[in-house]
Amino acid sequence: MTVMSYLGAIGAAQREAMEADPRVIIMGEDVEANVYGTMGGGKSRADKGDFLQMFGARRIRNTPISEEAMVGAAAGAAMTGLRPIVDLSYSSFLYMAMDQLVNQVAKNRYMFGGQASLPVVFRSAMFFGLNTGAHHSDRPYPMFMNVPGLKIMVPATPSDAKGLLRTAVDMDDPVLSFEACILWGLKEEVDEGEYRIPFGVARTHRHGNDVTIVGISTGVHAALQAAQKLEAEGISAEVIDPRTMVPLDSDAILNSVARTGRLVIVDPAHTTCGAAAEISAIVAEKAFDCLRGPIMRVTTPDTQIPFSPAIEKQLYPDAAKTIAAVKRTMEARTRAA
């Protein structure tokens, strides 16, 4: 085990994948100039070592400043034998390639009757919480959950970022990786060797009996902070991180709610049609009889993100909002009784 940052763990996974399989390539804007092989232009130092020197210009590919072009090129490369990792930088830039992502990448295996595989990973950074304004602060993973054919990972810790990305590169399906840049500097002990975390398997960070808190991306850390404070008040919270939104480990959530009887979902995406809404619907449909209080969502309001640091900070889920939601769902049962 060694201490790695979130971004360092991503770089380690990319390096291991490239060393293990010569078909793996990295594509993106300015990735040749970035010795760390990730998030072009030197913005994100994801690993020690010069990727261009290690793997050569045939496997570290600069692209034009055109997301549609790079996604289309990666799709074609994947269908003809390569396994690209595409650095799309800001998650908001995914919108520039919607036709390629939705009409080609997500549909081609279906359209060709399973004869085509698309082993490609699209990495993008969610730059919310850093005062980057409306054009750079989106958290669009719920939008892509609505597109059949795409797998979606939202790692919240360095160890999960490494293990999930290593799995994603080996998959024969397209994967979208949404990485919260506010977590880039987060450090923890990570296995130095190769390991993989299967998609569709949630991680229980903390066991509890009174309420289930499902955290997504930065919501995991808000949930853990809330659970620690709630413990001092005699409330035992279980904290679950789905890790992948597609496939979603609904069984882990349902089994937890069956024991605790309460559910709070902490999701930094917008409220309407968000990941929290989908999880709420699943639990309402399949575990309604287990609920002892209303399902509560702690999300970001349906508004564009302002540039103002003071205003932006108030929008996102945090420990205080999570604690308030937990208390509301617990008090509801008390009032009903």
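Values below: all heavy atoms of this structure, side chains included; hydrogens, waters and symmetry mates excluded.
- The distance from the CZ atom of R59 to the CE atom of M18 is 4.0 Å, given to the nearest 0.5 Å.
- Taking the side chain as every heavy atom from C-beta outward, V264 and T212 never approach each other to under 4.5 Å.
- In this structure, the separation between CZ on F288 and CD1 on I295 is 8.5 Å, given to the nearest 0.5 Å.
- Side-chain contact between H135 and Y90 is absent, with no heavy-atom pair separated by less than 4.5 Å.
- Counted within 6.0 Å of CD on Q53, heavy atoms from surrounding residues, nucleotides or ligands total 12 or fewer; the atom is thus considered open.
- Rounded to the nearest 0.5 Å, atoms OG1 (T80) and CZ (R23) are 11.5 Å apart.
- If you check the side chains of N255 and D251, you find no donor sitting under 3.5 Å from an acceptor.
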**OP:** Verify side chain to side chain contact (heavy atoms under 4.5 Å, CB included) between D210 and L230, making sure each step is shown before the conclusion.
**Re:** CA-CA 10 Å; D210 296 324; L230 288 165; over 6 Å; no
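- A donor and an acceptor atom, one from each side chain of E238 and T204, are nowhere located under 3.5 Å apart.
- Applying the side chain to side chain contact (heavy atoms under 4.5 Å, CB included) test between P174 and each of L150, I152, V121 identifies L150 as the sole match.
- Within 6.0 Å of the CE atom in M96, the count of heavy atoms belonging to other residues, nucleotides or ligands does not exceed 12.
- Atom OH of Y95 has more than 12 neighbouring heavy atoms from other residues, nucleotides or ligands inside a 6.0 Å radius.
- The closest donor-acceptor contact from the side chain of T271 to the backbone of D302 lies at 3.5 Å or more, if one exists at all.
- Under a 4.0 Å N-O distance rule, the pair D87/R61 does not qualify as a salt bridge.
- Using cut-offs of 30° and 60° for the angle between ring planes, the F144 and F178 rings count as tilted.
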**OP:** May I have the step-by-step check of side chain to side chain contact (heavy atoms under 4.5 Å, CB included) for R15 and M54, ending in yes or no?
**Re:** CA-CA 9 Å; R15 188 191 65 246; M54 291 168 66; 3.6 Å; yes
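- By the neighbour-count criterion of 12 heavy atoms within 6.0 Å, atom CG of N146 is sparsely surrounded, having that number or fewer from other residues, nucleotides or ligands.
- Within 6.0 Å of the NZ atom in K321, the count of heavy atoms belonging to other residues, nucleotides or ligands exceeds 12.
- Using modelled atom types, no side-chain atom of Q228 and backbone atom of L224 make a donor-acceptor pair closer than 3.5 Å.
- Ring geometry, F93 versus H136: the interplanar angle exceeds 60°, so the pair is classed perpendicular (tilted spans 30 to 60°).
- Under a 3.5 Å cut-off, the side chain of N62 and the backbone N or O of E29 do not form any donor-acceptor pair.
- When atom types are taken as modelled, the side chain of T167 and the backbone of R196 share no donor-acceptor pair closer than 3.5 angstrom.
- Put simply, the side chain of T322 reaches to within 4.5 Å of the side chain of I213, judged on heavy atoms.
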Subject >> S217 vs R139, side chain to side chain contact (heavy atoms under 4.5 Å, CB included): CA-CA, chis, key distance, verdict >> reply: CA-CA 10 Å; S217 185; R139 294 86 55 226; over 6 Å; no
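- In this structure the side chain of I240 never reaches within 4.5 angstrom of the side chain of D249, judged on heavy atoms.
- At least one donor-acceptor pair closer than 3.5 Å links the side chain of S137 to the backbone N or O of G133.
- Contact between F55 and I60 at its shortest, heavy atoms only, is CB-CG1, 4.4 Å.
- When atom types are taken as modelled, the side chain of H270 and the backbone of D138 share no donor-acceptor pair closer than 3.5 angstrom.
- Cluster membership for F307 and L130, using ILVMFWY side-chain heavy atoms within less than 4.5 angstrom, is not shared.
- A salt bridge links D173 and R109; the closest N-O separation between the charged side-chain nitrogens and carboxylate oxygens is under 4.0 Å.
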Original post:
Yes or no on side chain to side chain contact (heavy atoms under 4.5 Å, CB included) for I279 and L248, after CA distance, side-chain angles and deciding distance?
Top reply: CA-CA 9 Å; I279 293 169; L248 178 68; 4.1 Å; yes
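- Residues M153 and S177 are in side-chain contact: their nearest non-hydrogen atoms beyond the backbone lie under 4.5 Å apart.
- Under the 3.5 Å distance criterion, the side-chain polar atoms of E312 are matched with a main-chain donor or acceptor of N131.
- Side-chain atoms of T132 come within 3.5 Å of backbone N or O of F127 as a donor-acceptor pair.
- Residues V201 and R243 meet the side-chain proximity criterion, which asks for heavy atoms closer than 4.5 Å.
- Contact annotation: the side chain of Q14 approaches that of R123 to within less than 4.5 Å [non-hydrogen atoms, C-beta and beyond].
- Using modelled atom types, one side-chain atom of S236 and one backbone atom of N209 make a donor-acceptor pair closer than 3.5 Å.
- Scanning both residues, A20 and E194, for their nearest heavy atoms gives CB-OE2, 4.4 Å.
- Residue-environment remark: OH (Y195) exceeds the threshold of 12 foreign heavy atoms within 6.0 Å.
- Nearest heavy-atom pair, A125 versus W184, reported as atom, atom and distance to 0.1 Å: CB-CZ2, 3.8 Å.
- A donor-acceptor contact shorter than 3.5 Å links the side chain of R83 to the backbone of M171.
- Rounding to the nearest 0.5 Å gives a distance of 3.5 Å between CZ of F128 and OG1 of T218.
- A distance of 9.5 Å separates OG1 of T299 from CD1 of I265, quoted to the nearest 0.5 Å.
- Here L176 contributes atom CG and L101 contributes atom CG; the two are 6.0 Å apart, rounded to the nearest 0.5 Å.
- Inter-residue side-chain proximity for D267 and P317 is flagged as unmet; no heavy-atom pair is nearer than 4.5 Å.
- The two residues S159 and R203 make their nearest non-hydrogen contact at OG-NH1, 3.5 Å.
- The heavy-atom pair separating S124 from L94 by the smallest distance is OG-CD1, 3.8 Å.
- Minimum interatomic distance between L164 and T244 (heavy atoms only, all atoms of both residues): CD2-CG2, 3.9 Å.
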